[in-house]
Colleague: 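Here you go, one structure.
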Amino acid sequence: MMFSLRRFGLHGGVLCIASMSASVANAYSMNVANCPGYTLGSLVESSNGLTARLTLTGPGCNAFGQDIAELTIQVAYQSSSTLRVKIFDTAQEQFTIPESVIARPSAPAESYTGISDLVFNYDPSPFAFWITRRCEPDAMPLFDTRISSLPQTPIAPLNSSDPSTAFDAFPLIFEDQYLQVASALPYDTNIYGLGEAIASSGFRRDMGTNGGTGTIQTNWNRDIKDPIDENMYGSHPIYMEHRFNEITNKSTSSGVLLLSSAGADIFLQSPPDSNVSFIEYRMIGGILDFYFFSGPTPSDVIAQYGAIIGYPMWQPVWGFGFHLCRWGYSSIWDVEDVVARMRAANIPLEVQWTDIDLYHAHRDFTTDPVNFPGDEVARFVSELAANNQYYIPIVDAAIAVAVNSTDMYDPFTSGVEQDVWIKNPDGSLYIGEVWPGYTVFPDWFSANVQSFWTEALKNWSELGVGFSGIWLDMNEASSFCGYSCGTGANFSALVPLDESGRVLTAWPECYNATKWGSSGNMDIDGVSTNSCTTNSTTTTTVVKRDIAAGQEAGFYINDPPYKIHNGFGPLSNHTLATNATHQGGYVELDVHNMFGLMEEKTTHLALKELFPKQRPFLISRSTFPSSGKWTGHWLGDNYSKWQYMYLSIQGILQFQIYQIPMVGADTCGFYDNTDEELCTRWMQLSAFTPFYRNHNTLGAIPQEPYRWPSVAEASRTVIAIRYALLPYWYTLFANASLAGLPTVRALFYEFPDEPELFAIDRQWLMGRDILVTPVLTPGATTVEGIFPGRGGVIWRDWYTHAVVNATPGDLTTLDAPIGHINVHIRDNAALLLHHCPAYTIAETRAGPYALLVSLSKTGSALGTAYLDDGISPPPTPNRTVTFDVANSVLTIKTSGTYVVESKLAMVTILGAAGPCVVTVQGQLVSTWSYSASAEELVVYDLAIDLGEDGTNISWQ
Ligand SMILES: *[C@@H]1O[C@H](CO)[C@@H](O)[C@H](O)[C@H]1NC(C)=O
Ligand SMILES: *[C@@H]1O[C@H](CO)[C@@H](O)[C@H](O)[C@H]1NC(C)=O
Ligand SMILES: *[C@@H]1O[C@H](CO)[C@@H](O)[C@H](O)[C@H]1NC(C)=O
Ligand SMILES: *[C@@H]1O[C@H](CO)[C@@H](O)[C@H](O)[C@H]1NC(C)=O
C-alpha cells in the first residue's frame, strides 16, 4: 500500500497525478506519501526500559512542516500496569508540557522491565512499535504502529470536499509542525473517551462501522454552545478500549494517553472491506508522549490514568448539595427573593450562584454599585452562611482594560505593574475583546501571576463578595474577535456588550406554545399530556477544510500548514491568537489547550491560601488532563432540549475517564426556554449525577424548581433521596481522591463481559450499587431499561424494595409516571445513608444514620463508608466503616480517628428470611418488624456508635 508517488508542487499551476488510485488523489496523501520514516539505533537498555536514537531514513518529506532528523525514544516501565513511550526531538526544541504544569511520577525505584503487564516491541526500520500484554504475546497488540498491521487499502476521503479525511498507512512522521502516528485496532472495538465531545454516536465512539462515519476528534479548546461532533471547551487525549473476545466471551480494558497539548485531529476509522479499525493522531506540534495502561478492568484503566496525571481533588461535602443559578438576575434583592422562595417551597437549596450580572460594567472582581452593591451582597452572603448555605460567583478569564486615565480599575493596572498579562510578539499587551469590551488575559506562566490572582480574589472577598467557591468561565480562552483585535485601538470607543433586552422564544421539542402559552407551564397533574416523538439521533457533518502545502520554509505560527478540524476554522478565531506570547518563551500555539487548566490550578492554590482550613470548591468550563486535581466541571452551555438531557449522560461518563468526577449539566437546560415536563425529568435525572445545578440563560423564562408544582414536588422527592445517599456519594468521591476510581460508571464497568451493555448511555451506575434509569422522552409514562447481570443479580426497587422481574440481557419496561425516576439497588450491597434528609447538608449530617442492606442470593452483603468532617483539607482525621453480612449476621468493623457523632439508628435488610429473634450485640431486642411480602427486616430505635469496632446484629 506504499504508493510510489512522486512529489508535485501544489503552488504552481496544474497538479499532475500519475499512477495513483483516484481515491487517494488528494493533497493530504500527496504530502505524506513520501515520508521516509525513521531507523532505530544506539539502543541502550536500562533497568527500567530503554533509550535509543531514531534517525530519519531518507530525505525529509516536509509534509506539513520540516522533518526532524534526529529523535530520541525513551521507554520506561512506570509500574506493573503502566508503560511510557516518549519520542522527542533530540535537540529538545519542540514544546513539551512542563512538570510545573502537570507533575508526573518519576521513574520507580524498582524495575518492572521483566514483570510488567505490558511489553514494548519494535521494528528498527522503518521504525514502528507495538504494545502487547505479557500474558498474551500472540494476541492482537493493544497498540500497533506497524504499517503491515494497518488497513492495507487506502481510504477515500470521508467527505469529498475534505481531502484530509483520506487515509493510508505511513511510517512515523515527526516534523516541527506536524506529527502523525497510527495504530491498528480490532475491527469495531469499543472506544471511549478522547473528548471533550458530545458525540452523536453516544458514549461509545463511532468507529466507522455499522453505517457510522467514524470519528474526527479535534483538540482545540473553544467557547461554543454545546456542539455535536465538533471540538469544544476541553481536550482530553486519553481513550479506554474495551476489547471483547467472542470466543472466550471475556473482555479486557486498556488505555492510551497521548500527553500533548498540541492542536490535533484524532481519527477513529474502519475502512470498507477491512478487518481492522485504526486510530490516527495528527498533531500540529509538540512531541509524542504515550502512556499505556493495562487495566484489565475499566475502573483499573481509569485509576491507572489517575496515578499518572493526579487523582481528583477532595470536594467539600456541601458541594454535593443542590446548586441554583441563572444569568439574568436583575439585582441582589432578586437573588434574595429566589432563595426565600426556595425555602418557602421547601426545596433544599445548598448553594446560590450569580453570573456576570453581579459585575460592574462586566468587569471581574467588581460588584454593580446599583443592583449588586457590595454591602448588600455581603449582607446576603452572611445570611446564607447563618443558614448553612453557600455562595459562588463567576470569574471570567479576561480582564477589562482601563479605558482612560481616570478609569480606576485596579485588577488591570496592578496586573500591568506586576507584569502578568499575555503579550504580543513585540512585547506589547495582547488585547482581545470579551463582555467588558477590550481585555487582557492572565499569563499563567508569568512569575507574579499566583500572588496577583490571590490578591485579586482576596480584595473582591473584602469588597463583600464572600464566596465559598469560584466558577471559572470563558477560559478556552474566549475572545469575541480574531487575533489581537484591541491592540492599538481606542479603548474608550468600545462599550461593554449589552444583551439586557434579549428574549428567547425557542422551546423544548414537542412543547406546543399555542396550546400551553409562554410560561412553560403544562399543567401537569401527575400525568404528562405531551405526546410527540423527538429525533433521537443527529447526523455527523464533516466540515470542509483546506489543505495547504507544507513545502514552504519557515514556521507558520499563525497558520500551521496542517489544518485541524477546528469548528471555528482558523485557530485564532474567537480565542487568543496563536502568536500571543507567554513568559518562559512559550507561544499560545503550543499552550492554548492548557489555559483553563492553568487558571484552575492558580485559582485552587489561591483559595487554599485564602482559606487554609477549607477544601476549595471550583467548577470550570475548559479542562485538560489533570484539571480534576484542581476543579470540577459543568458540561457547558447546553440547550433546553430533551436531546441535550440525554446527551448529558455521556458527558458525565466521559469526565469520569478524564479524572474530573465532579461534573454535571445545566439542569433544565441553559439556552432557550425550558418547559414543565422537561424540567421535571431533568431535575430528577441530575439528582443522581455528581454536580447538581439548575442554571439558565439571560432572556429565557425562569426555571427555578418552584416555578411549577410538578417540578417542585419531583425536586423535593429526589433531593431527599440524594441527601439520604450522601454518605454513599461521599465514599465514592473519597475512593476517587484516594485511588482514582470512577464515581459514576457505565454499566459495563461492573459487568464487563456483557456486550449488550457496551453502548448503553441512557442509564448509569452510581458506584457499584445504584442503577439509574431516567425518562429521556416527552410524554412518557414508562421507560425501558436493562438490568445487568443477565439474571444472576437481584435488583431491588429503591422505593418499594421489591425485586425487579427483569428480562435477562434485554430491555425491561418500567413504570415511570411524571413524578417518578427509576432507581434500583444491586444485591450484595450495604449502603450507609442519612436517615433524615433535611433542608441543608449540615442539618442532614447532624441527624442519625441508617443502613440499607440488599442481600445476595446466598445471603451476603458488603459495603464500606468513608467518613470525615467534609471540610478540612486532607490529611484530616477520618474513619472507614465496613458492613459485612453473612449467615444472618451483620458485623460492623471500623477503623480511623475521626469521631462520628451521629449514631446508626436503623438497619434495613432486604432479602432476609423471616426471623423469630433479633439480637444486637447478643442481646435480644424487640424493636424490629418484618414484611414477608417484601422480605424486609427493619431493626429500629438503634443508637449504634460507628466508632465502635465489632458491633453485630443477627436475626434467626
Ligand atoms: C473615562 O472612562 C470612564 C469609564 O468608562 C468614563 O466614565 C469617563 O467619562 C471617562 N473619562 C474621560 C475623560 O473620557
Ligand atoms: C398545538 O395546539 C393547538 C391548540 O391546542 C393545536 O390546534 C395544534 O394542532 C397543536 N400543534 C401541534 C403540532 O400539535
Ligand atoms: C427532527 O429532525 C427534522 C430534520 O432535521 C427537523 O425538521 C425536525 O424539526 C426535528 N424534530 C424535532 C422534534 O426536533
Ligand atoms: C470564525 O468563527 C465564526 C463563528 O464564530 C465564523 O462565523 C467565521 O466564519 C469564522 N471565521 C473564519 C475565517 O472562518
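Position 1 is the first residue of the sequence, and the numbers go up from there. Atoms within a ligand are numbered from 1 in the order they appear, just like the ligands themselves.
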Colleague: Going by an N to O cut-off under 4.0 Å, is there a salt bridge joining R222 and E230?
Modeller: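 Yes, charged N to carboxylate O under 4.0 Å.
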Colleague: Are Y658 and H633 close enough, and set up right, to give a ring pair (Phe, Tyr, Trp, His ring centres under 6.0 Å), and what steps lead you there?
Modeller: CA-CA 11 Å; Y658 307 149; H633 174 65; 9.0 Å; no
Colleague: Under a 4.0 Å heavy-atom cut-off, what residues line ligand 1?
Modeller: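 Protein residues near ligand 1 are V403, N404, T406.
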Colleague: Take the angle between the ring planes of Y639 and Y644 and call it parallel below 30°, perpendicular above 60°, tilted in between.
Modeller: tilted
Colleague: Between N573 and ligand 4, does any nitrogen or oxygen pair lie at a separation below 3.5 Å?
Modeller: yes
Colleague: Between Y233 and D223, does any side-chain donor sit less than 3.5 Å from a side-chain acceptor?
Modeller: no
Colleague: Please state whether the rings of W507 and Y511 are parallel, tilted or perpendicular, taking 30° and 60° as the class boundaries.
Modeller: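 Parallel: the ring planes of W507 and Y511 meet at under 30°.
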Colleague: Taking the inter-plane angle between the rings of W471 and W634 on a 0 to 90° scale, is it parallel (under 30°), tilted (30 to 60°) or perpendicular (over 60°)?
Modeller: perpendicular
Colleague: Between N512 and ligand 2, is there a nitrogen or oxygen pair with a distance under 3.5 Å?
Modeller: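 Such a contact does occur with ligand 2.
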Colleague: Run the numbers for me: atoms of ligand 4, each under 4.0 Å from some heavy atom of H574, listed by number.
Modeller: 5 (O)
Colleague: Students often mix this up, so state it plainly: with edges at 30° and 60°, are the rings of W460 and F467 parallel, tilted or perpendicular?
Modeller: tilted
Colleague: Please test E499 against W435 for side-chain contact (heavy atoms from CB on, under 4.5 Å), starting from the C-alpha separation and ending with a verdict.
Modeller: CA-CA 10 Å; E499 303 229 332; W435 298 115; 4.0 Å; yes
Colleague: Distance under 4.0 Å to a non-hydrogen atom of F568: what atoms of ligand 4 satisfy this?
Modeller: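 By the 4.0 Å cutoff, the relevant atoms are 1 (C), 2 (O), 4 (C), 5 (O), 10 (C), 14 (O).
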Colleague: Could you list the atoms of ligand 4 found under 4.0 angstrom from a heavy atom of P570?
Modeller: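 Under 4.0 Å from P570, ligand 4 has these atoms: 12 (C), 13 (C), 14 (O).
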